[in-house]
Every structure is written in C-alpha cells, then in structure tokens.
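See structure below.
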Amino acid sequence: MQRRDFFTRVFGGLAIMKLDAAHAQTSATGPVVERANSGLPHSGKVLAAIQPHSDDIALICAGTIAKLIREGYTGYMIRATNDDMGDDVGEPGSVGENVLRNEREVAEQSRVLGLKRDFSLNYSNHRMSDISRNELICRLIFLFRFLKADTVFCYDPWAHDEENPDHYVLGHCVEAACWMAGRVHDYPEQLATGLEARAVTDKYYYARHPNINRIVDISGTVEKKIDANICNVAKGPGGHHGSKLRAELARQGKKLPLLGDDDLTADRNYIREFVLAGDRELGKKYGLEYAEAFHYVGPAAAAIGGTGSRVGDYVKQHAVPLK
Ligand SMILES: [Zn+2]
C-alpha cells in the first residue's frame, strides 16, 4: 500500500463510494452482500491470503479473511516481496531493518488473523517488473497444489489506476497460477511427487478502485482487522500512530478523548476512527457497520456444467429422465 492509497481510502474514502455507487447503478442486481454465517460452513476449505507487501491484507481485506477463518477455513499468508523499501507512512528504517521488521510483523499479523503460517517469496520491493513471471507462477502453482487452496485473496489483476508494479505483476501471476494449477501438463513433476492438479476458482480480488460485485460484512471481525493493522509498525498507517499522537498532544498540554488513557487504547481507537473510516462509509451504504469490497470471481462461472454456466443451465432446463 502506498501513502496515496491510504489518503485516498481514508480521507478521500468517498472516492470508493462514488465508484461503487456508479457500479451499483449500472448493475441490474447490485453487488452481492456476503453476511456473517453461523457455525463452520467453510470447514475443510483452505484460503491463501496473498499480498505483495506487509500492509496490503491488513488494510484492505483483513476483516473478510478473519470472517472466513471464523467460519471454518484454514488459512495461509503468502507475501511476495521482502518489503525492503519500507514505507513513508510507517516508521523509518534502513533497507536491512525494513526486511527484518516486516518479516516479524507479518508473522505476528498471520498469528492474530488465525492463519496457520506465512510463506515469504522474498522478491525485492518495487522491483517485481522484471522478475521471471514463469518462476513466480510455478512457485504459486506449487503452493496452491501443496496447500490444496480453494480460495485466494490478491490484488485484482484487472484493476485500474494502479501505480505499484508489485501489485499488478503479482495479480497477473496469481490469476495464471489459479488456472494452470488444475492442468496436468503444467509442471507434471510436481504431480509425480504426489501433489494433485487442482485449479483455484474462488477469488476475492481487492484493489484501490475495485470493480465491485461483492460487499462483505466485516462488522463481526473489526477487532481482528485492528489487531492486524497494529502489527504493521514499520509500514502502513496503523501501528503506533495513535499512541504517538497521544504523546504529542500531551506535550502540548492537550488530549483527545478518542485516544483514551493508555497507548493500546490510543492505537486501537486511532485505527478504528481513521484507518477503517472507508470501511465504515462503505458499510453505511449497505446498512452494515463495517464492510470490505471485492471484485469476486466465483467457482460457479468457472465450472463447466455448473449452475450459472451455459451448459449447466441448459441441462437443468431440458434434461428428461431415461426411460
Ligand atoms: Zn502494496
């Protein structure tokens, strides 16, 4: 995530609303609203939370990931870069310090979100334009087959107005890997080790300006999203910005009631009020407390003969019993 992203989403969060409103008006049905489920309807399913940088998941879709984990998914984090460039919103550090701090913070972020473990692919930050895309696709295919991934979260490869090459290069490689992982002639040596070919057909694509067709109610997992953003001290607008502001105001002989009487309260309430302002505005539009927005691509459209496909719908309408 970049500074421009954060200020666009938080202080100019209405830009998201405007785009979403425009989309909803042009769509006959509007976005699907995915609400909290009771019980464990996703038990046995696996998700991969894929991000180029340490702060992307926390800022944009941690609430939805926490929701799916709560509803039974097993989850894994995959981070493409080593975040060595740091970030001008987080705390300053040298290149080496950035790598180590972000590595530790992503491990902690994975823990608080309930993910089983994280994988770091260790590409250089801001330098993914000229990596071997085939190498990255192959690594992702291996992980999807190994983890038996059903669902992925990643940057939308088709989103507009994206300035960071790490975002769109990773998005395109994930899109390709999801499809190729199901094909037996792609990297058959992986199958010889015992892995199975399996495509990933359930995709939650996030972006700065997503082409929205799904809204997820994250009201029940807002505290988890705050947990994830507190982990990002080296990078991102969460971390300890609240306690720093509280200390700065105290030096001036002032206080904000919002920031409470201790550092942890200050950090949490700062994130809730400012970092999640866009989620709150989006939720209000759909009668929800907090929400996240996605370009969602579901399995029904991909399955030949499945509901929603041309063949599946034809069979449902015209099939007759054998005599
Ligand atoms: Zn990013």
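In listed order, ligands and their atoms are each counted from 1.
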Task: E292 and K225 ion-paired at < 4.0 Å - done: yes
Task: H53 ND1 and D56 OD1 subtending at the Zn ion (ligand 1) (10° steps) - done: 140°
- [ ] Using 2.8 Å as a strict upper limit, say whether an N, O or S atom of D55 approaches the Zn ion (ligand 1) that closely.
- [x] no
TODO: State the atom name: nearest N, O or S atom of H167 to the Zn ion (ligand 1).
DONE: NE2
Task: SB check K255 D261 (cutoff 4.0 Å) - done: yes
Task: Charged N-O contact under 4.0 Å between R268 and D227 - done: yes
Task: Electrostatic pair R214:E34 at N-O distance under 4.0 angstrom - done: yes
